Amino acid sequence: MDHFLYRDGTLHAEDVPLPEIAAAVGTPVYVYSAATLTRHYHLFTEALSPLPHLVCFAVKSNGNLAVLKLLGDLGAGMDVVSEGEYRRARAAGIPGDRIVFSGVGKTRDEMRTALQGGIRQFNVESEPELLALSEVATSLGTTAPITLRVNPDVDAKTHEKIATGRKEDKFGIPIARAREIYAQAAALPGLQIVGIDVHIGSQLTDLGPFEAAYTKVADLTRALRADGHRIDRLDLGGGLGIPYTRSNELPPLPLDYGAMVRRTVGDLGCEIEIEPGRLISGNAGILLASVIYLKQGEGRDFLILDAAMNDLIRPAMYGAWHDIVPVQDGGAPTHVYDVVGPVCESGDTFARGRPLPPLSEGALVAFRSAGAYGAVMASEYNARPLVPEVLVQGDHFAVIRPRPSFDDMLARDTIPQWL
Ligand code: LLP
């Protein structure tokens, strides 16, 4: 359930009618619901209780400082994959000891920043990274808490571009070599092993692959303990999928996920960390856009919006489906539209042959399930201003990232004197 519902024929974000936001901020604009973010965070904390746990929100899914602060105030930790995300989490008030640092290519500078600023753990993904982190920690006279991210060779059965747990994927260390690499880690100065990490992919709609991976992690926990290592934490990654369409079969609920976690790793006495992004932020956001033109093509009608692939790239990049709904409830879907943006490539197509109620110029539409991997993946392609973001709570809203002016955009470039 989210908090984007029709009231008297008008789509609202919580208690705010979306036309009010469009009038105040303009379109396109992302709109997030604080109540939905809160609700989805609590689904996970409830699902994992009574195990000791920390829900580390994947900042990559939505890194707005206001979103991070809201979740941080509820007690969330953060999963970051770059210095930029680390700095975002800290700027939003998240203490270092609630931040885990993931990512396959952490630089020495990034390690230094996190070690100096405070970090819960690094999820190390390779032997060269172990050596680098050992060097950096030693040079700072400190110790880096680490897990090793293992690649369990499990097919997450998700989109090719977001599967991360098969042996051909670039992520983690092969689980078959884990004992050898843990021994290597234990022998290096400046490192302290605290647990194991795994993340097999995103938008998983079946618990089977998770269960297969976590069972391997449970076996590995026992083996590593037998080797003399302290395994106190298991970071189980993110990846639980969300419903992108009302008609689809529902992905498993966090409650079922939690039961599976308890079944597979619950008896090991470990603190459980998870790194969900999409399930917390995805259905907590919509992208609000306006119809610029209705154009009759050869045998098809194009609905040309003021939002484009630079604002929401998921359809162009992954062929992803987002429900598109009129903000004023227009009744039955009697028309079929190709929904497109103004960017100059055919890839800038959100949907082909989408049944919708009749829409006219100036009408507002909302892309549902756009709160994750929406604004964070936006760009200024075609010199279109970066899409702004708004947070709604109850009957009030605030702009949490303004649309830059054209002057702001131009002022970022410099022309060398010698030109
Ligand atoms: N932890 C790690 C190490 C990850 O790589 C990811 C996502 C997550 C957690 C969070 O996964 P989630 O719970 O959000 O599924 N841009 C793509 C998704 C890329 C996911 C990358 N990693 C999309 O729009 O579908």
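This one's a predicted model, so the numbers in the text were calculated from it and none came from an experiment. First listed ligand is number 1; within each ligand, the first listed atom is number 1. Along the sequence shown, residues are numbered consecutively beginning with 1.
- Proximity of the aromatic rings of Phe350 and Phe367 is defined here by a centroid distance below 6.0 angstrom, and this criterion is met.
- In terms of protein heavy-atom proximity, atom 5 (O) of ligand 1 is nearest to Lys60 NZ, 3.4 Å.
- Ring centers of Tyr337 and Phe302: at least 6.0 Å apart, outside the cut-off.
- Other residues, nucleotides and ligands place no more than 12 heavy atoms under 6.0 Å from the CG atom of Leu255.
- Salt bridge status for Arg149 with Asp235: absent, with no side-chain N to carboxylate O gap under 4.0 Å.
- Nearest non-hydrogen protein atom to atom 16 (N) of ligand 1 is Tyr318 OH, 2.7 Å.
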Step by step, work out the salt bridge (Lys or Arg N to Asp or Glu O under 4.0 Å) result for Lys106 and Glu83.
CA-CA 9 Å; Lys106 302 173 201 76; Glu83 178 163 351; over 6 Å; no
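- The atoms of ligand 1 that sit less than 4.0 Å from any heavy atom of Gly238 are 9 (C), 13 (O).
- The shortest separation from a heavy atom of Lys161 to ligand 1 is not under 4.0 Å, leaving the residue out of contact.
- Under 4.0 Å from ligand 1, the heavy atoms of Arg149 that appear belong solely to its side chain.
- Close approach of ligand 1 to Ile162 is summarised as follows: ligand atoms under 4.0 Å from at least one heavy atom of the residue are 17 (C), 18 (C), 19 (C), 25 (O).
- At a 3.5 angstrom cut-off on N or O pairs, Leu240 does not count as close to ligand 1.
- For Asp79, every heavy-atom contact with ligand 1 shorter than 4.0 Å involves the side chain, none the backbone.
- Taking 4.5 Å as the limit, some side-chain heavy atom of Leu11 sits within range of a side-chain heavy atom of Arg368.
- The six-membered or imidazole ring of Tyr6 lies away from that of His12, with a centre-to-centre distance of 6.0 Å or more.
- Close contacts between ligand 1 and Ser202 involve ligand atoms 11 (O), 12 (P), 14 (O), 15 (O), 20 (C) [criterion: under 4.0 Å to a heavy atom].
- Residue contacts with ligand 1: Pro276 is included, with a non-hydrogen atom under 4.0 Å away.
- Look at Glu271 and Arg120 and you find a salt bridge, because one of the NZ, NE, NH1 or NH2 atoms lies within 4.0 Å of a carboxylate O, short of that distance.
- Within 6.0 Å of CZ in Arg222 there are more than 12 heavy atoms belonging to other residues, nucleotides or ligands.
- The shortest side-chain heavy-atom distance between Leu303 and Leu356 falls under the 4.5 Å cut-off.
- Considering only non-hydrogen protein atoms, atom 14 (O) of ligand 1 sits nearest to Tyr373 OH, 2.6 Å.
- Considering backbone and side-chain atoms together, Arg278 places an N or O closer than 3.5 Å to an N or O of ligand 1.
- Checking each of Asn123, Asp232, Asp197 against Thr147 for a side-chain hydrogen bond (donor to acceptor under 3.5 Å, both in side chains) leaves exactly one that passes, namely Asn123.
- Against a heavy-atom cut-off of under 4.0 Å, Gly277 is close to the following atoms of ligand 1: 12 (P), 13 (O), 14 (O).
- For the residues His199, Glu275, Gln203, Arg314, the heavy atom positioned nearest atom 24 (O) of ligand 1 is part of Arg314.
- Close approach to Met377 involves these atoms of ligand 1, each under 4.0 Å from a residue heavy atom: 16 (N).
- Within the 4.0 Å heavy-atom cutoff, His159 does not count among the residues contacting ligand 1.
- Below 3.5 Å of separation, one finds an N or O of Gly239 facing an N or O of ligand 1.
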